[in-house]
Amino acid sequence: MTRRLGFLARLLLAGFFLIGGAVSGLGIIGLKMIRDFTEARFAERNQFMADNLARNCELGLLIEDRRMLQRLADNLLSEESLVSVEIQNARGEVVARAHKGQGGPTAVSFAQVRLRKIGEMASAELAESADAASNVLGSVRLSFSLSHIQALSTDLGVTFIVISLVIVLLALTCFFVFARSLLNPIHHLVKTAQDVAAGNLSVRAPLSAVPEARTLAHAVNTMLDALAENRRALEEAYQEMIRQKSFAEMGRVAMVVAHEVKNPLGIIKSSLDLLKRQHGLGDDDLLVQYMEDEIQRLNRLIEDFLLFSKPAKPHFSLVDMNHLVRDVVERHRLQMESPALAIRTAISDNTARSCIDRDLIMRAVANLVQNAVDACDGAGIVTVSTSDDGAYWTVHVVDQGPGVPHELASRIFDPFFTTRAKGTGLGLAFVAQVARIHGGSVGFVNLEEGGARFSLTLPLHEAVSGARVSDD
């Protein structure tokens with residue numbers, strides 16, 4: 001049965017037996033000592049009364065005055081516990097008797113009535129010649145009721161039981177409070193373990209006021225922090241592994257598709273050039289323009305596939321980042337065809353040199369600018385600005401488009417994800433890939449006034465193994 005009891009119940013049960021046993025043992029010993037002491041004193045008192053009556057009966061027995069002896073017996077019977085008094089002479093005859101009608105157990109005290117010596121008045125010859133038996137004049141017999149002693153013992157026993165119960169209850173209450181203060185931290189730890197087992201790694205065990213329990217809770221929380229950190233790192237590593245595996249698979253597929261498409265596309269372009277010469281078709285022919293534009297778009301798409309799926313090994317060189325951004329913006333301005341679209345710049349005049357792959361960074365910045373131009377849909381202002389804090393350099397590209405929907409924010413840098421009908425979904429993914437290669441980052445925020453701001457941040461370091469110095 002004790003196997004089914006909890007720790008608190010076992011503690012209380014053990015405390016009850018220990019405390020109850022100790023109190024009961026001490027009480028029983030104390031009651032026995034009190035009872036023995038009371039009975040001894042009661043017997044001494046009774047014997048004293050018998051001895052005193054024997055001395056008082058000496059004269060009455062000498063002169064055989066029965067009336068005097070009866071008065072002595074009647075007067076003594078006024079004692080509360082005395083039941084009967086009996087006086088006998090030397091011949092064993094009852095010369096006086098008094099009795100009260102009380103039942104119950106009794107105790108008898110007996111005393112002989114002796115002829116007492118007068119001390120110096122008695123001669124030595126008389127004392128030596130006197131027979132000891134001749135000194136006995138009679139005897140007295142007193143019967144005492146034990147009901148008062150028994151009632152006193154009963155009252156003491158009841159009082160002891162009540163006091164013992166109060167002591168046991170108070171002790172168990174204190175024991176219960178003390179045990180709960182020790183068990184509450186254990187219950188909290190159990191609840192924490194159950195929550196962790198259910199998958200909630202954010203829960204932590206509360207710190208207790210008990211030093212040992214607080215140390216244990218702190219150790220458990222440290223373990224949970226390490227577990228959560230390891231799980232987060234494991235999830236990140238797993239996600240990165242899946243991402244890299246996806247990129248590898250996608251790269252192989254993209255390379256196969258690109259090579260398979262690039263050869264027929266080259267034949268189509270050569271055939272179109274041959275038809276133009278044979279039939280005298282000029283560049284102003286609308287159908288010819290459509291075909292050439294689609295061939296160029298398909299060729300750019302294939303190049304993007306090949307570049308993203310198998311990027312070339314970066315070649316680092318020391319480049320002025322702000323000068324690079326100005327170059328990218330000027331090229332876009334020369335290619336712009338919409339008069340309603342403008343590109344404004346706020347590029348820092350400071351020199352921000354860093355060892356980077358110039359071609360990759362230029363293409364990444366160009367993708368950000370092109371993304372902003374496409375978001376404006378032919379009308380609006382694109383703002384390009386740069387800043388640095390000595391450790392990191394950032395280029396900001398702001399558009400006046402509709403912004404990025406909240407539900408698409410987590411997928412905006414995923415490969416092949418696009419919201420435009422003719423987009424490849426590789427522009428922003430390529431920017432993110434270049435940022436990772438250079439130890440930087442890319443992000444965006446939607447602006448309250450409309451549009452979005454994309455930011456590419458790169459570290460400013462001027463020493464990379466194998467880097468060459470460029471004048472750009």
Passing option when F144 is tested against T106, L82, V108, V83 for side chain to side chain contact (heavy atoms under 4.5 Å, CB included)
L82

Please walk me through it: do D195 and K191 pass salt bridge (charged side-chain N to carboxylate O under 4.0 Å, His left out)?
CA-CA 6 Å; D195 292 340; K191 180 64 168 58; 3.0 Å; yes

Validation: residues 28-40 side-chain donor-acceptor distances under 3.5 Å, sequence neighbours left out:
{"unit_1": "K32", "atom_1": "NZ", "unit_2": "D36", "atom_2": "OD2", "d": "3.0"}
{"unit_1": "R35", "atom_1": "NE", "unit_2": "S153", "atom_2": "OG", "d": "3.4"}
{"unit_1": "T38", "atom_1": "OG1", "unit_2": "I34", "atom_2": "O", "d": "2.7"}

Salt bridge check: are R91 and E64 linked by an N-O gap of less than 4.0 Å?
yes

Specify the closest pair of heavy atoms between V369 and V397, including all atoms of both residues, with the distance to one decimal.
CA-CG1, 4.2 Å

So OG of S387 and CG of N322: to nearest 0.5 Å the spacing works out to 9.0 Å

How far does CD of Q88 sit from CZ of R97, to the nearest 0.5 angstrom?
8.0 Å

With the side chain counted from C-beta on, respond yes when V382 and C376 share a heavy-atom pair under 4.5 Å apart, and no when they do not.
yes

Could you pull out every donor-acceptor pair under 3.5 Å between side chains of residues 448-458 and any protein atom, sequence neighbours left out?
{"unit_1": "S455", "atom_1": "OG", "unit_2": "H396", "atom_2": "ND1", "d": "2.8"}
{"unit_1": "T457", "atom_1": "OG1", "unit_2": "T394", "atom_2": "OG1", "d": "3.1"}

Enter the distance from F413:CZ to R436:CZ here, rounded to the nearest 0.5 Å.
10.5 Å

Show the nearest heavy-atom pair for residues F42 and S81, with the distance to one decimal.
CE1-OG, 4.0 Å

Measuring from atom CG of D74 to atom CD of Q70, what distance do you get when rounded to the nearest 0.5 angstrom?
4.5 Å

Side chains of E86 and V94: does their closest heavy-atom pair fall under 4.5 Å?
yes

Tell me, yes or no, whether the heavy-atom count around R344 atom CZ, taken from other residues, nucleotides or ligands under 6.0 Å, exceeds 12.
no

Main chain of A375, side chain of D399: is a donor-acceptor contact present, judged purely on distance under 3.5 Å?
no

Can you tell me how far CG of L234 sits from CE of M241, rounded to the nearest 0.5 angstrom?
8.5 Å

Testing the basics here: between A364 and V431, what is the closest heavy-atom pair and its distance to 0.1 Å?
O-CG2, 3.4 Å

Could you tell me whether R232 and E229 make a salt bridge, using a distance below 4.0 angstrom between a side-chain N and a carboxylate O?
yes

Full working for salt bridge (charged side-chain N to carboxylate O under 4.0 Å, His left out) between E79 and R45
CA-CA 12 Å; E79 289 290 332; R45 170 182 172 275; 3.0 Å; yes

Side chains of R204 and L224 in contact at under 4.5 Å (non-hydrogen atoms):
yes

So do the side chains of H438 and F316 get within less than 4.5 Å of each other, counting heavy atoms only?
yes

So, for A54 and A111, which heavy atoms are closest and what is the spacing to 0.1 Å?
CB-CB, 4.1 Å

May I have the list of side-chain donor-acceptor pairs in residues 154-179 shorter than 3.5 Å, sequence neighbours left out?
{"unit_1": "T154", "atom_1": "OG1", "unit_2": "Q150", "atom_2": "O", "d": "2.9"}
{"unit_1": "T159", "atom_1": "OG1", "unit_2": "D155", "atom_2": "O", "d": "2.8"}
{"unit_1": "S164", "atom_1": "OG", "unit_2": "F160", "atom_2": "O", "d": "2.7"}
{"unit_1": "T173", "atom_1": "OG1", "unit_2": "L169", "atom_2": "O", "d": "2.7"}

So D357 and I437, do their side chains get closer than 4.5 Å, heavy atoms only?
no

Working to the nearest 0.5 angstrom, can you tell me the gap between R141 CZ and S139 OG?
8.0 Å

Say whether, by atom type as modelled, one donor and one acceptor occur between the side chain of N367 and the main chain of L428 under 3.5 angstrom.
no

